[in-house]
Amino acid sequence: MSFSALPLDPPRDLQTGSEAVRPAERGTWWNRLGQDTLYLLVGFPVALASFVVLVTGAALSVGLLVTFFIGLPLAVVTLIVAGAFATVERARLRLRGDTVPTPIYRPILGRGWRGLLAPFADRQRWLDFAHGLVVFPVAVVTWSLAVIWWAGALGGLTYPLWGWAIPRGDEEDNTTLAELMGFDGFAADAVLNFIIGVLFAVTLYAVIRGSAAVQAALGRQLLAGNYTRALQQRVATLEESRSAAVQAEAQTLRRLERDLHDGPQQRLVRLTMDLSAAQRRLETDPEAAKPLVTEALLQTQEALAELRALSRGIAPPILVDRGLPAAVDALASRSMMPVSVDAELPLGARPPAAAENAIYFVVAEALTNVAKHSGAARAHVWIRLTNGVLQAQVSDNGRGGAHPAKGHGLSGLIDRLSAVDGRLTVESPAGGPTVLLAEVPCVSS
């Protein structure tokens, strides 16, 4: 793919190639009624399937447990299938608009009997199995209520339009509700059924929402995962982020120390020597001291330029004063190769300083790597703030082969992004092009 074919829009997901499923937005009461009705109607066949499959699997597992080599693996398969039904239910809950975190299952470690028995020690798998059994009677009741209330509301409200077409047959064997109450004629029957339809319609929203809430509460209670384990995962993630931040800071300090030693410090040492020599010659040979003073002035200017370059790597003033788009434009203008920039942020929005700094240094390092190693003729930088995520994409038309593994130039960028809960994704097949995507969660201010 040539550079001209590189997308201006961000990739949907460079790891999966698809957009993540987001919970349905809560809309009007009519939308909520429709979502809950669909949730209840679909829930019954799903619950029926899970109940039949899990009961059959459990019965066969217990019955064949005497053989051990058949019953035990079948029990494991039953637990795994229960997890699959639980995944379907979590997806249905998210589509309804509920927030249901994905639980953390115990990894299956080891081979042989140890690996085979691992699912039995996972509490969440047993909760998935319990949900597959318990949800069926609940779904029977909620599905029945949904069908009855919708049928009563629609049938009663429209009865005056079609009730007359119902064959009556022998009047002694077909007594309407109106006739039982002492009213004769189709008009009385139509009015009474219409009133019943109004009662069903008035209570429809409450019944549907309540039924869906009960069934959804059961799913959230059993399928939301172990809260303690979720906290443990969060603590582990924060520890990794802290470790990455410390490592990134240490690498930055070492690089700064090296750059100071190899650049401005050497120039200042030479400047001191030139000034000392000029001072000695001023008394005996002023003309010979002039070249030394001129050289010292040049060393001062070069040292000042290097110090300014280093200061841009620490805290670039343009990033603080004018924001990320202007700072990235400045990076592109100083690049040794043509770089086009497409950076747009919502009007009046300014990402947090930590997110801006992380994205700025990622773009700066990426452009440096492109100029040094990619053999590209040009590069493109794309920056957006969407749904609370600051994204930066750097693409080039070089030879490819970039890799974010440890020991490569991009590993430091991963550590820097990890410190702010960000992530780095790289696509760089042999022959190119290379597409680097950095994402940092933030809240625009």
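For Tyr39, there are no ring pair (Phe, Tyr, Trp, His ring centres under 6.0 Å) partners, not counting sequence neighbours. Checked against side chain to side chain contact (heavy atoms under 4.5 Å, CB included), Val62 has no partners two or more places apart in sequence or in another chain. Scanning for side-chain hydrogen bond (donor to acceptor under 3.5 Å, both in side chains) contacts around Glu356 gives Arg350, with sequence neighbours left out. In this structure, Trp150 has no ring pair (Phe, Tyr, Trp, His ring centres under 6.0 Å) partners at least two apart in sequence or on a different chain. Shown here are the side chain to side chain contact (heavy atoms under 4.5 Å, CB included) partners of Leu157, two or more places apart in sequence or in another chain: Phe194, Val198, Ala201. Applying the side-chain hydrogen bond (donor to acceptor under 3.5 Å, both in side chains) test to Thr142 and every residue at least two apart in sequence or in another chain returns Gln215. When the side-chain hydrogen bond (donor to acceptor under 3.5 Å, both in side chains) test is applied to Thr203, the partners found at least two apart in sequence or on another chain are Trp149. Contacts of Pro325 classified as side chain to side chain contact (heavy atoms under 4.5 Å, CB included), with partners at least two apart in sequence or in another chain: Ala343, Leu345. For Ser428, the side-chain hydrogen bond (donor to acceptor under 3.5 Å, both in side chains) partners at least two apart in sequence or on another chain are Thr434. Partners of Arg399 according to the side chain to side chain contact (heavy atoms under 4.5 Å, CB included) rule, which considers only residues two or more places apart in sequence or in another chain, do not exist here.
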One pair to check against side-chain contact (heavy atoms from CB on, under 4.5 Å): Val147 and Leu41. What are the steps and the verdict? CA-CA 8 Å; Val147 172; Leu41 294 181; 4.1 Å; yes
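The shortest distance between side-chain heavy atoms of Val394 and Val362 does not fall below 4.5 Å. Proximity of Leu204 to Phe200: side-chain heavy atoms (C-beta onward) are nowhere separated by under 4.5 Å. You'll find the side chain of Thr28 reaches within 4.5 Å of the side chain of Asn31, heavy atoms only. At least one side-chain heavy atom of Val381 sits under 4.5 Å from a side-chain heavy atom of Leu367. In this structure the side chain of Leu223 never reaches within 4.5 angstrom of the side chain of Leu218, judged on heavy atoms.
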List, one per line, each side-chain donor-acceptor pair under 3.5 Å for residues 127-138, sequence neighbours excluded.
residue: Asp128; atom: OD1; partner: Arg90; partner atom: NH2; Å: 3.2
residue: Asp128; atom: OD1; partner: Gln124; partner atom: NE2; Å: 2.9
residue: Asp128; atom: OD2; partner: Tyr105; partner atom: OH; Å: 2.5

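Within the model, atoms CG of Leu74 and CG of Leu60 stand 5.5 Å from one another, a figure rounded to the nearest 0.5 Å.
Under the 3.5 Å distance criterion, the side-chain polar atoms of Arg384 are matched with a main-chain donor or acceptor of Asp342. Between the Ser211 side chain and the Ile208 main chain, no donor and acceptor come within less than 3.5 Å of each other.
Among residues at least two apart or in separate chains, salt bridge (Lys or Arg N to Asp or Glu O under 4.0 Å) pairs with a member in residues 35-50 are Asp36-Arg96, Asp36-Arg209.
Results of the side chain to side chain contact (heavy atoms under 4.5 Å, CB included) test with Asp329 over Val341, Leu324, Val339 single out Val341 as the only residue that passes.
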